[in-house]
Amino acid sequence: MKAESRAEDVAVAEDYYDSDDADRFYFTIWGGEDIHVGLYQTPGEAIAPASRRTVATMAEMMGPAGKAARIVDLGAGYGGSARYLVTEAGAKEVVCVNISETQNRINRDKNEAAGLTDRIDVLHGSFDDVPAKDEAFDVVWSQDSFLHGADRQRIIEECERILKPGGRLIFTDILQTSDAPADKLQPIYDRIHLSSLGSVDFYDEAAEKAGLVPGPKKILPEMLPTHYGRVREELTSRRDELKGVVSDDYADRMIAGLGAWVDGGNSGWLSWGIMTYDKP
């Protein structure tokens, strides 16, 4: 993919996540810590604990590479995972790389309030061109971010570049199944300004090309419609509270977009999971 095309993808994501509507929506409805798909144990469970359960599950899946590790979180959002990793999972240091400077400012403020500025660094940057030296990290971590990159092969190659030998790439992503009809997924593609999503087969092939070895996976398609259904319920039930916080037009578009995610998940065309790949 040409550099100018990648730059356009980065600009689209940056403009979206830096917008007032998007920032206020994610901070208010998703809780201001974790903005990724959660792992739900009971119907109607709150979004925040389910989302934090994803972080804890991934931390357990880091394996030996995660012990006292230096970790980079690509697409770190508000930094909730980074703070968990240094306070609960034994990480030595986490570098957050994120395209939204609005989210980065909140991340830095939260780290300062928690007294963690010496263990968490927050950098403005894109996950397909990480501002880091080769073999800089024991673990490359990401949650529901790679879908925003059009050149996902390059993203996996960049992860391999910054991983130390013996290190682990661990990430979650929203996936399309191999037989997913493109026309049915078009509303979702339109919402995220892309022409496709990744798949398990794609990531396995991309990792092999980059020299990475498949590790443990948890493919949990049911969590996608469950999570986006919960977010949609929260947004719908709290519309009055959000008056003046997010625009009516944004809320309407978000409700419709969340419905498309739910429908795609329930149809069996979309999936979600936690994937790991190791660097020999």
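Since the structure is predicted, the reported quantities are computational estimates derived from the model, not experimental observations. Residue numbers start at 1 and run along the sequence shown.
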Is the closest side-chain heavy-atom distance between D138 and M62 below 4.5 Å?
no
Look at E205 together with K209 and state whether they make a salt bridge at an N to O cut-off of under 4.0 Å.
no
Any salt bridge between E45 and R230, counting N to O under 4.0 Å?
no
Less than 4.5 Å apart, any side-chain heavy atom of Q176 and any of I188?
no
Can you tell me how far the CD1 atom of I174 sits from the OG atom of S199, to the nearest 0.5 Å?
14.0 Å
Please report the interatomic distance CZ(R108) to CD(E101), rounded to the nearest 0.5 Å.
4.5 Å
Hey, what do you get for NZ (K110) to CD1 (I106), rounding to the nearest 0.5 Å?
7.5 Å
Should the ring pair F146 and F171 be called parallel, tilted or perpendicular, given that the plane angle runs from 0 to 90° and is split at 30 and 60?
tilted
Could you check whether any side-chain heavy atom of V55 comes within less than 4.5 Å of a side-chain heavy atom of W141, counting everything from C-beta outward?
yes
When you measure from the side chain of K218 to the backbone N and O of I274, does any donor-acceptor pair fall under 3.5 Å?
no
Is any side-chain heavy atom of D248 closer than 4.5 Å to one of R239?
yes
Quick check: does any side chain N or O of T276 sit under 3.5 Å from a backbone N or O of P216, one acting as donor and the other as acceptor?
yes
Taking the basic N atoms (NZ, or NE/NH1/NH2) and the acidic carboxylate oxygens, is any pair closer than 4.0 Å for D109 and R105?
no
